[in-house]
Amino acid sequence: MSTQPAPGDALQEIAITGLSRAQIARYGDASGDDNPIHTDEKLAARLGLADVPVQGMYVMALVNEHLARWEHHEVTLKLHVRFVAPTLANRDIAIGGKVMAVGKTENVAILRLLVSQSGRMVAMGEAHVGLTEAR
């Protein structure tokens, strides 16, 4: 096990291959999100989108999955994401972040998270992560 994280440490950026319309539709079925914007390409186009958007909760799940793979992660205590642009189907998604603070008495790190697609930010957020014990 490595040492505990410090403010300024990066959460390694990952690239997720673009989600297909079928994956987005299956997520909608499983989650009960039947909003047609996520499956109807013509509706998305009429609303000015280049493709159907990924559900926000799906994007948050991808972010949390990335956090869970971080070597210091024990548990995600809080995850807040603000969407600033639609995350679209069939385009790679990049997720990264940075440690902003580490509790001195609590074993918790606060991370700033960034989600981007095609070189532009689509979401930003903050996570409070319970840390594994340093050995």
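Worth knowing before you read on, the calculation uses all heavy atoms, side chains too, and leaves out hydrogens, waters and symmetry mates.
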Intermediate values then yes/no, side-chain contact (heavy atoms from CB on, under 4.5 Å), Val81 and Val59: CA-CA 9 Å; Val81 176; Val59 174; 5.5 Å; no

Side-chain heavy-atom pair Met57, Asp33 within 4.5 angstrom cut-off: no

His128/Glu126 under side-chain hydrogen bond (donor to acceptor under 3.5 Å, both in side chains): CA gap, chis, key distance, verdict: CA-CA 7 Å; His128 293 213; Glu126 181 177 285; 2.9 Å; yes

Single-linkage hydrophobic cluster Val115~Met124, side-chain heavy atoms < 4.5 angstrom: no

Considering all heavy atoms, the nearest Ala127-Leu67 contact: CB-CD1, 3.6 Å

Shortest non-hydrogen contact from Ala109 toward Trp70: CB-CH2, 4.3 Å

Pair Leu113-Ile95, side-chain contact (heavy atoms from CB on, under 4.5 Å): steps then yes or no: CA-CA 7 Å; Leu113 306 164; Ile95 302 171; 5.7 Å; no

Flag side-chain contact, heavy atom, 4.5 Å: Pro7 against Met100: no

Residues Asn107 and Glu133: side-chain donor-acceptor under 3.5 angstrom: yes

Residue that, paired with Val129, satisfies side-chain contact (heavy atoms from CB on, under 4.5 Å) out of His73, His72, Glu74: His73

Residue Gln23 excluded, over 12 heavy atoms near CD under 6.0 Å: yes

Residues Asp51, Arg91: salt bridge by 4.0 Å N-O rule: yes

Close side-chain approach of Leu88 to Gln117, heavy-atom, < 4.5 Å: yes

Inter-residue atom distance Glu13.CD - His66.NE2, 0.5 Å rounding: 8.0 Å

Gly18 backbone acceptor or donor facing Asn90 side chain under 3.5 Å: no

Met121 and Leu114, any side-chain heavy atoms less than 4.5 Å apart: yes

Minimum side-chain heavy-atom gap Thr87-Ile93 below 4.5 Å: yes

For the student: nearest non-hydrogen atoms of Val102 and Ala6, plus distance: CG2-CA, 4.2 Å

Worked verdict on Val122 versus Ser116 for side-chain contact (heavy atoms from CB on, under 4.5 Å): CA-CA 5 Å; Val122 294; Ser116 61; 5.6 Å; no

Path from Leu62 to Val54 over hydrophobic side-chain contacts below 4.5 Å: yes

Polar side chain donor-acceptor pair, Gln55 to Asn35, under 3.5 angstrom: no

Option among Ile110, Leu11, Asp9 that satisfies the side-chain contact (heavy atoms from CB on, under 4.5 Å) test with Val99: Asp9

Within-4.5 Å side-chain heavy-atom neighbours: Tyr27 and Leu19: no

Joint cluster assignment, Ile14 & Leu111, ILVMFWY side-chain distance < 4.5 Å: yes

Pairwise side-chain contact, Met60 with Leu79, heavy-atom cut-off 4.5 Å (strictly under): yes

Heavy-atom side-chain contact between Ile24 and Thr39 under 4.5 Å: no

